[in-house]
Amino acid sequence: MHAPHFHDDPFSPPAPGAGGTARLLEGLNPEQHAAVSLPAEPALILAGAGSGKTRVLTTRIAWLLATGQVSPGGLMAVTFTNKAAKEMLHRLSAMLPVPVRGMWIGTFHGLCNRFLRAHWKLAGLPQGFQILDTGDQLSAVKRVIKAMNLDEQRFVPKQVSWFIAARKEEGERPSDVDARDPNTRTMVEIYRAYEEQCQREGVVDFAELMLRTYELMRDQPALREHYQHRFAHILVDEFQDTNRLQYRWLKMFAPPENTGERARGTLRQSVFAVGDDDQSIYAFRGAQVGNMADFEREYRVRHLIKLERNYRSFGNILDSANALIAHNSKRLGKNLSTEAGPGEPVRVHEATSDYAEAQWLLEEAQGLHRGGLARSEIAILYRSNAQSRVMESALFNAGVPYRVYGGLRFFERAEVKHALAYLRLVENPNDDTSYLRVVNFPTRGIGARTLELLQDAARQSGRSLYQSVSAVAGKGGANLLGFNGLIDGLREATRGLTLREIIEKMLATSGLLDFYRTEKEGQDRIENLEELVNAAEAFVTQEGFGKDAVALPVDEIGPGTLADRREGPDGIAPAPVAPLAPDAETGEIMSPLAAFLTHAALEAGDNQAQAGQDAIQMMTVHSAKGLEFDAVFITGLEESLFPHENAMSDTDGLEEERRLMYVAITRARKRLYLSYSQTRLLHGQTRYNVKSRFLDELPEGALKWLTPRNQGFGSGYAKEYQQAWQRGTGPGGIVGAGRQDNRPPSWRRDSGGDSGDGKRVPWGGRDGYGAGRDAPLTGGGPVPTAMANAQAAKSGHGLRVGQAVFHTKFGEGVVITLEGSGADARAQVNFGRHGPKWLALSVAKLTPVD
DNA sequence: CGCACGAAAAGCATC
DNA sequence: TTTTCGTGCG
């Protein structure tokens with residue numbers, strides 16, 4: 001077999017030492033240079049925030065290729081997100097004329113998918129297996145629970161899904177789970193049934209992609225040998241975020257004994273792991289920071305390189321980050337430095353209310369924008385999504401364009417999922433999840449009763465819903481038959497059509513398009529369906545599924561082929577060309593439709609809010625990881641918010657919160673704002689919080705307080721409250737300002753190009769928080785407590801709700817509730833660090849702080 | 001199959 | 001503002 005033919009022949013890389021190679025290393029600092037040009041041995045790169053991690057990773061790949069140490073097919077690079085993978089491919093192709101598309105660079109799941117496509121038979125999967133996203137998985141679990149006649153109250157589908165995913169991420173099949181209590185035993189039974197169901201339907205969930213690949217490598221020596229021979233270099237990005245299974249997976253592809261000085265025989269592999277323990281913020285979803293230390297030990301890492309030079313932020317920002325993270329005990333140890341000079345101080349702002357905080361932020365951001373900063377260079381970060389609403393409201397009312405990350409993504413939208421369900425049924429009518437999703441959508445007279453019967457029948461015979469329709473008699477049965485006919489007809493009618501034509505045909509014959517045409521909110525949905533057609537078109541072009549696409553058999557394993565195929569004409573193994581590895585035996589690649597469905601599951605797409613416009617960026621700190629902005633606002637720096645109350649009780653949780661804060665700080669290039677508020681409306685209740693301990697952990701010299709330092713907590717609020725009272729806008733006036741509308745901002749995509757000028761309606765048109773009519777512009781006092789304040793003022797002990805107090809044992813706190821009077825008087829005080837406490841006022845020594 | 005409106009969450013979120 | 005779910009109607 002011949003090596004595939006490329007225009008830019010990757011098998012003739014620039015000769016080592018040629019100008020090209022030297023140019024690759026140009027401009028790297030000594031540590032980066034060292035990392036990029038390390039010998040082929042295990043290496044751990046501790047890459048601080050903004051230290052050029054991606055550059056090192058991609059240059060390392062380019063360097064390995066350019067110096068002829070490895071062929072494009074001989075290396076694998078793994079990331080967590082599609083974004084990171086794309087970025088790597090993009091940069092790489094800018095550095096070297098290399099056919100990046102066929103290279104094994106991708107997300108863990110994407111690569112597993114590719115692997116399982118090639119070895120589907122060995123893996124015990126149907127050739128066209130489809131992937132369940134989180135939502136599909138949830139409905140699949142629900143069906144299982146129902147089928148087992150279990151109580152959904154006791155076995156909450158979400159929790160069960162989570163349980164199953166967690167087990168898989170620990171590498172445990174049902175029989176491996178140590179189930180001691182009856183509850184867990186039932187969970188395991190559900191897990192078992194769920195697996196059987198998935199297998200029957202020919203679908204796999206995300207965790208299954210990983211686990212199956214791992215198991216296949218573990219149980220198939222020939223396969224293992226093959227891949228270990230093939231991948232001489234494996235690079236892992238964001239290593240601190242790997243979970244147990246991912247690390248074990250890695251060890252299957254490149255076991256420690258094959259690496260470095262322990263390499264056995266001719267088999268010599270190198271793993272290049274890049275990570276930052278200080279940015280490990282995903283323990284809650286199974287990430288094991290400990291993998292870094294394990295890796296260092298198990299692989300006997302001799303090359304540990306720290307990238308501590310930061311090219312992103314000015315000194316004050318870095319000093320703050322360094323000082324903060326120094327409070328963590330569990331660290332590998334790292335300190336960021338810059339040559340950029342101190343830059344501006346970090347600005348700190350104390351607000352009286354979340355509303356006031358939002359107003360301040362709005363003004364400040366507007367100022368920055370007027371000063372010439374693009375809105376897209378301004379980021380507003382918060383710990384939890386619930387915090388975004390006040391700020392959205394403020395921005396919206398001022399007509400400032402903004403973009404909120406983390407909403408519904410394209411392929412998760414209901415109408416898109418419906419469309420995909422039809423397409424999946426065309427591919428595989430036994431996909432019960434998809435069947436149930438659209439069997440009666442648009443409605444075709446198939447009710448719950450009929451579906452019950454159908455599901456019973458299917459359960460009895462162990463067959464799919466599609467296969468069981470004949471078991472249902474009567475009108476319902478006839479309608480079911482009709483639906484099956486629709487799917488069959490669609491499959492016939494679309495045979496041989498292009499992907500675009502298939503989708504268009506489906507949209508028309510399924511009735512989806514007609515349905516949304518008559519629905520009043522349907523215009524958006526139709527646009528999204530059109531967008532789906534575009535996405536498919538783009539996919540076909542981009543992935544080379546056009547008529548010129550060549551299917552080249554690669555990675556076939558079978559007797560006698562292993563040794564042979566390792567070497568191409570010049571002693572280098574050929575790289576796969578097809579985007580998805582073809583069947584290992586036949587070389588057959590998936591149909592464009594099946595491939596597109598896979599793509600849709602593995603890549604949920606962007607959430608499309610406000611894409612393309614210069615808008616202020618709003619997101620949680622988690623989603624900000626990996627991004628950078630000229631100006632960053634970190635808001636809601638309050639105890640119980642950030643650090644979050646659920647994480648405050650144990651050190652591990654607290655340290656993760658601190659790393660989260662570290663990530664947040666290091667997003668800023670030039671200007672960083674930190675803000676907190678004395679009062680905050682959260683879940684309909686006013687909370688009185690103490691400022692975050694993280695603020696106290698920053699170096700005073702790097703900070704500049706925009707509001708008076710050490711102002712008594714609550715005092716500012718109290719003053720404004722009194723003023724408002726005197727103005728006659730007391731409780732009566734303020735009460736109405738409480739938010740009535742609980743919806744997240746759901747804007748209509750307006751047709752005009754110039755959105756953000758007040759045409760969109762985030763609160764469905766109703767007055768939001770401070771919509772301007774009856775809410776005061778500043779100092780909108782918290783509502784329910786206003787009354788309580790008035791009462792408390794009369795009760796003699798001189799305390800008010802919202803009052804800042806000092807307690808000899810617990811320190812600073814804020815009064816959040818007052819009850820009783822005289823000797824009975826008691827107060828609930830939130831001491832932040834110590835949490836809220838009830839105190840008898842006749843005993844406790846509380847000093848008002850003012 | 002009973003009843004009502006609205007609605008989606010209480011922490012972060014990749015694939 | 002308080003609790004729990006899914007979806008649409010008589």
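To find a chain, count down the sequence lines: A is the first, B the second, and so on, and within it residues start at 1. In what follows, every heavy atom counts, from backbone to side chain, and hydrogens, waters and symmetry copies are set aside.
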Rounded distance in Å between the [atom1] positions of [N] and [M]:
| N | M | atom1 | result |
| --- | --- | --- | --- |
| dG11(B) | dC15(B) | P | 23 Å |
| dA10(B) | dG6(B) | P | 23 Å |
| dC5(B) | dT1(C) | C1' | 15 Å |
| dT2(C) | dC12(B) | C1' | 24 Å |

Heavy atoms under 4.0 Å, any strand shown: does Phe206(A) hit a base, just sugar-phosphate, or nothing? base
If you look at every strand shown and take non-hydrogen atoms under 4.0 Å, does Glu657(A) touch a base, only sugar-phosphate, or nothing? base
Tell me which of Lys158(A) and Ala601(A) sits closer to the 5' end of DNA chain B, going by the nucleotide each one is nearest to. Lys158(A)
So which one's nearest nucleotide on DNA chain B is more toward 5', Lys83(A) or Arg383(A)? Arg383(A)
For dC15(B), does the base pair up with any side-chain atom of Thr134(A) as donor and acceptor (N or O, under 3.5 Å, distance only)? yes
Report yes if a donor N or O on one partner sits less than 3.5 Å from an acceptor N or O on the other, where the partners are the side chain of Glu656(A) and the base of dG11(B); otherwise report no. no
Once you round it to whole Å, what is the distance between [atom2] of [N] and [atom1] of [X]?
| X | N | atom1 | atom2 | result |
| --- | --- | --- | --- | --- |
| Lys142(A) | dT7(C) | NZ | C1' | 12 Å |
| Phe411(A) | dC15(B) | CZ | P | 13 Å |
| Tyr282(A) | dC15(B) | OH | C1' | 12 Å |
| Phe441(A) | dG6(C) | CZ | C1' | 15 Å |
| Leu436(A) | dG6(C) | CG | P | 15 Å |
| Lys146(A) | dG6(C) | NZ | C1' | 11 Å |
| Arg687(A) | dA10(B) | CZ | P | 14 Å |
| Leu660(A) | dA13(B) | CG | P | 10 Å |

His683(A) or Glu152(A), whichever maps to the more 5' nucleotide of DNA chain C: His683(A)
His644(A) on top of dG11(B)'s base, within under 5.5 Å and under 30°? yes
Under 5.5 Å centre to centre and under 30° between planes: does that hold for Phe284(A) and the six-membered base ring of dC12(B)? yes
Does the pair [X]/[Y] count as a salt bridge with the N-to-O cut at 4.0 Å?
| X | Y | value |
| --- | --- | --- |
| Glu638(A) | Arg687(A) | no |
| Lys417(A) | Asp133(A) | yes |
| Glu169(A) | Arg285(A) | no |

Taking atom types as modelled, find out whether Asp205(A) and Tyr194(A) have a side-chain donor-acceptor pair closer than 3.5 angstrom. yes
Less than 3.5 Å apart, any donor N or O on the side chain of Asp136(A) or Thr433(A) sitting next to an acceptor on the other? no
Establish, for the pair Arg167(A) and Phe163(A), whether the NZ or CZ atom is under 6.0 angstrom from the six-membered ring centre and no further than 45 degrees off its axis. yes
Distance test, side-chain N/O of [X] to OP1/OP2 of [N], below 4.0 Å:
| X | N | answer |
| --- | --- | --- |
| Asn82(A) | dC15(B) | yes |
| Asn385(A) | dA13(B) | yes |
| Ser623(A) | dA13(B) | yes |
| Arg409(A) | dC15(B) | yes |

Any idea which of dC15(B), dA13(B), dA10(B) is nearest the His109(A) side chain? dC15(B)
Among the nucleotides dG11(B), dA13(B), dC15(B), whichever has the atom closest to the side chain of Ala647(A) is dG11(B)
Keeping Glu152(A) on the side-chain end and Pro157(A) on the backbone end, is there a donor-acceptor pair under 3.5 Å? no
